[in-house]
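Read the structure below first, then the notes.
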Amino acid sequence: MTEQNKIGQNKTGHNEDDMVPTDALADGDDGSQAPEFSDDAPGFDVLADADADNDVATDGSYKVLARKYRPRNFDDLIGQEAMVQTLTNAFDSGRIAHGFMLTGVRGVGKTTTARILARALNYQTETMNAPSMGLAEDGVHCAAIMDGTHVDVIEMDAASRTGIGDIREIIDNVRYTPSAARFKVYIIDEVHMLSKAAFNGLLKTLEEPPEHVKFIFATTEIRQVPVTVLSRCQRFDLRRLTLDDTQTLLSRTCASENVALPEEALKLIARAADGSARDALSLLDRALAHIDPDGSGAVDEATMRGLLGLADRGRIFDLFDLVMAGQVSEALAEFEAQYVMGADPAVILADMAELTHWLTRLKFVPAAQEDIAFSAQLRARGVAAAETLSTRILSRVWQVLLAGTDEVARAGNARAAAEMVLIRLAHLADMPSPEELIKQYDAAPPAPASGPTSGASSAAPSAAPSGASSPNGSGAPLSSNSSSGPSSGASSPVAMTQPQSQVDAQAQAGPVLQNFQAVVDMIAQKRDIGLKHALENGVHLVSFEAAAGNRAGRIELRLAEGQDNVAQELTRKLRDWTGQSWVVSLSKEQGAATIGAVKQSAADRREEAALKDPFIKSALAAFPDAEIIAISDFDAGLDAVADDGETPLDDGDAANADADA
């Protein structure tokens, strides 16, 4: 029994994986020569030749386009120029790794690239017998390798052979030299499916394999591959095909198949393929199957939208508009109509999320207006909707739909869960943000004062404590028995939601704090020396807003270097002492000088002015050992002191200087 049969994976009909179609297409069925295309675009210079018996037939021998136009050399690979360049340099310099890791999304060519790489490693012709990236001419082993039947190129599907026993077969057989080729190549597809024991069993062999052994791994889930395996391999990330590459591939495939499809239909296929060449050709197969043998049933844009499931985007847009308008009954009726027609509730929400994403992109990406997934009418409709809806609303809709899709997937009744999401979305779509609510709360004027009315005395507390400033900011105290609310007796929403302890505190008389100095003075009266010292010498005032009625007072401070945070303590004590709400926050802005620094500066100015006074000068001259201990009531005389210090102080307003001899 050969080694290939022992592994049990190299046999005809093996499940084909990632394939990147090629550029040069087969001749037509009628013997006509396929059109020739420009060689300027990389990856499209040569499409693999299709065998004659692969053409359309009635005996079941038809081979799908994804297999028919599978690449056979590196020149046929589309969009993988970086990988091809790296491998070319490695082969030219002889720096060929013993392990390769190919990763990427489905349909970009991982398995196909692995076979082409195995072909390059074992390349042998009549004139060349060395590893080579130039595979224009088929070598001795090329056909068997590309068909997956070569005895020395062993393919293993890790999705079905995940255990340590399967890896042990590889470990036992790597010691034997190749039967015919230069290297024994092991291709392990979906390698992330191997068990932990299988990975651990492979590590030693993968790190130090025999010279005649090469490993090529392919996976779509690179994050599930252990780092110990990745560090032993040369990794290549195969990128998605661009829309232009995919559309060009489809156009040339259609030309080779002697069929014509509208450009808009090909654009829709390219977008639906999402960067996968195999998906693109599979969708093209479906479109060509729609065409009757007699030539009828042409595939236009509308037909392609129906084939791809894009025909109901207009109704999704209708449902989206109803939800955004808050028309819950109409939105639920539209949702039920789509559900009756067979639409999956989760798919409906997913389509609404995709629509939300597109509308958001329209605000920032002008090219999004050319999205071929939407008809011209829907694109114009989307531009108008994007101008109407703000980014804030669209972001909130996206979050609700994202969470709602998961809820529907987990719910026992998907329809009921989807309807609840739509109801929630209709109520939240245009709700003000928390920032706007705070601004509205701060900007709201205090409720008008009025006497207590029947039925409201127990629910509507006093709007402001005794001594609070009037709404006009004049500072006149309000009556202590005043209450907020209209004459009908209904209290304001803010007052109704206040805790009882806060209501009781507001009912008590409290001091009126119109500025930061008043706060410091009140703390001094409360004999809180530590907090007073911190506010005088450890904080810089950035902004101050006095409390008025139901509006909380706001103090914004910057802590001096080395000062502990006193914001929470100050907030609590102001609330307890004043019976009003206060918000004390910290800022990084410069703010004003500390109160202590201001006082020190004023004292320095007083002493400097005193030293310039002629009377003080005479006293200090008469008593050389005297010094100024304190200066009191000197402010009135500061303006009278000239810069040169020669203007005498008025006797009535002069400062009294206490001197010790």
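One is the number of the first residue; the rest follow in order along the sequence.
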- Task: Using the six-membered ring wherever Trp is involved, compare the ring planes of Phe317 and Phe320 and label them parallel, tilted or perpendicular (cut-offs 30° and 60°).
- Result: perpendicular

- Message: Once you measure the plane-to-plane angle for His357 and Trp398, does it fall in the parallel (<30°), tilted (30-60°) or perpendicular (>60°) bin?
- Response: tilted

- Distance-only, no hydrogens or angles: does the Thr162 side chain make a donor-acceptor pair with backbone N or O of Ala159 under 3.5 Å? no

- Note on the structure: So CZ of Phe335 and CG of Asp318: to nearest 0.5 Å the spacing works out to 15.0 Å

- Query: Hey, is Arg424 close enough to Glu419 for a salt bridge, meaning N to O under 4.0 Å?
  - Reply: no

- Query: Is a donor on one side and an acceptor on the other found under 3.5 Å between the side chain of Lys110 and the backbone of Gly104?
  - Reply: yes

- Task: Given side chain to side chain contact (heavy atoms under 4.5 Å, CB included), test Arg115 with Ile216 step by step and report yes or no.
- Result: CA-CA 9 Å; Arg115 291 183 178 180; Ile216 305 177; over 6 Å; no

- Which heavy atom of Asp152 sits nearest a heavy atom of Ala181, and at what distance? OD2-N, 2.8 Å

- Task: State, without any angle test, whether Thr177 and His212 hold a side-chain donor-acceptor pair at a distance under 3.5 Å.
- Result: no

- Derivation and outcome, side chain to side chain contact (heavy atoms under 4.5 Å, CB included), residues Tyr123 and Leu135: CA-CA 8 Å; Tyr123 191 63; Leu135 306 176; 3.4 Å; yes

- Message: Could you check whether any side-chain heavy atom of Leu284 comes within less than 4.5 Å of a side-chain heavy atom of Cys254, counting everything from C-beta outward?
- Response: yes

- Item | Reported CG-to-CD1 distance for the pair Leu238 and Ile78, which is rounded to 0.5 angstrom | 12.0 Å

- Report yes or no: do Glu81 and Gln85 form a side-chain donor-acceptor pair below 3.5 Å? no

- Note on the structure: In terms of heavy-atom contacts, Pro345 and Ala418 come closest through CB-CB, 3.8 Å

- Message: Does either side chain, that of Asn129 or that of Arg182, offer a donor lying less than 3.5 Å from an acceptor on the other one?
- Response: yes

- Message: I need the minimum non-hydrogen distance between Leu102 and Ala114, along with the two atoms involved.
- Response: CD1-N, 3.8 Å

- Task: Quick one: pull up CG in Leu283 and CG in Leu266 and give me the separation to the nearest 0.5 Å.
- Result: 11.5 Å

- Query: How close do Ile188 and Ala158 get, heavy atom to heavy atom, and via which atoms?
  - Reply: CG2-CB, 3.9 Å

- Message: Walk me through whether Asn89 and Arg95 qualify under side chain to side chain contact (heavy atoms under 4.5 Å, CB included).
- Response: CA-CA 8 Å; Asn89 295 339; Arg95 298 177 178 271; over 6 Å; no

- Query: What pairs of residues pass the side-chain hydrogen bond (donor to acceptor under 3.5 Å, both in side chains) test when at least one of them lies in residues 222-238, not counting sequence neighbours?
  - Reply: Glu207-Arg232, Arg235-Asp237

- Task: For the pair Arg67 and Asp285, find out whether any cationic side-chain nitrogen is under 4.0 Å from an anionic carboxylate oxygen.
- Result: no

- Item | Side chain proximity check, Phe217 to Val225, heavy atoms < 4.5 angstrom | no

- Item | Student check: side-chain heavy atoms of Ile145 and Asn122 closer than 4.5 Å | yes

- Message: Could you tell me if the side chain of Val64 sits less than 4.5 Å from the side chain of Leu281, heavy atoms only?
- Response: no

- Message: Suppose we screen for side-chain contact (heavy atoms from CB on, under 4.5 Å). Which residues come up paired with Glu336, at least two apart in sequence or across chains?
- Response: Val340, Arg415

- Backbone N/O of Ile348 and side chain of Gln338: donor-acceptor pair under 3.5 Å: no

- Note on the structure: One should read off an interatomic distance between Ile316 CD1 and Asp351 CG, to the nearest 0.5 angstrom, of 4.5 Å

- Give every residue pair that meets the ring-ring contact (aromatic ring centres under 6.0 Å, His included) criterion with at least one member in residues 77-110, sequence neighbours excluded. none

- Task: Would you check if the side chain of Asp344 reaches a backbone N or O of Ala346 as a donor-acceptor pair within less than 3.5 Å?
- Result: yes

- Item | Considering all heavy atoms, the nearest Val174-Val213 contact | O-CG2, 3.6 Å

- Message: One thing to verify: whether Arg161 and Glu169 come together as a salt bridge, which I'm taking to mean a side-chain N less than 4.0 angstrom from a carboxylate O.
- Response: yes

- Item | Approximate separation, where rounding is to 0.5 Å, of Leu77 CG and Met83 CE | 5.0 Å

- Any sub-3.5 Å donor-acceptor pair from Lys184's side-chain atoms to Asn173's backbone N or O? yes

- Item | Worked check of side chain to side chain contact (heavy atoms under 4.5 Å, CB included) between Arg286 and Ser282 | CA-CA 6 Å; Arg286 189 199 307 179; Ser282 297; over 6 Å; no

- Message: I'd like to check Asp279 versus Arg106 (side-chain heavy atoms, cut-off strictly below 4.5 Å). Are they in contact?
- Response: yes

- Message: If you define the side chain from C-beta out and look only at heavy atoms, does anything of Pro178 sit under 4.5 Å from Phe183?
- Response: no

- Can you measure from OG1 (Thr205) to CD1 (Ile167) and round to the nearest 0.5 angstrom? 9.0 Å

- Task: Give a yes or no answer on whether the side chain of Arg119 reaches the backbone of Met146 with a donor-acceptor pair at less than 3.5 Å.
- Result: no

- Close side-chain approach of Arg72 to Ile116, heavy-atom, < 4.5 Å: no

- Grab the two heavy atoms, one from Met156 and one from Leu194, that are nearest each other, plus how far apart they are. CE-CD2, 4.2 Å

- Task: Would you mind reporting whether Phe74 and Leu117 have side-chain heavy atoms less than 4.5 Å apart?
- Result: yes

- Does the distance from a Lys or Arg side-chain N to an Asp or Glu carboxylate O, for Glu354 and Arg271, drop under 4.0 Å? yes

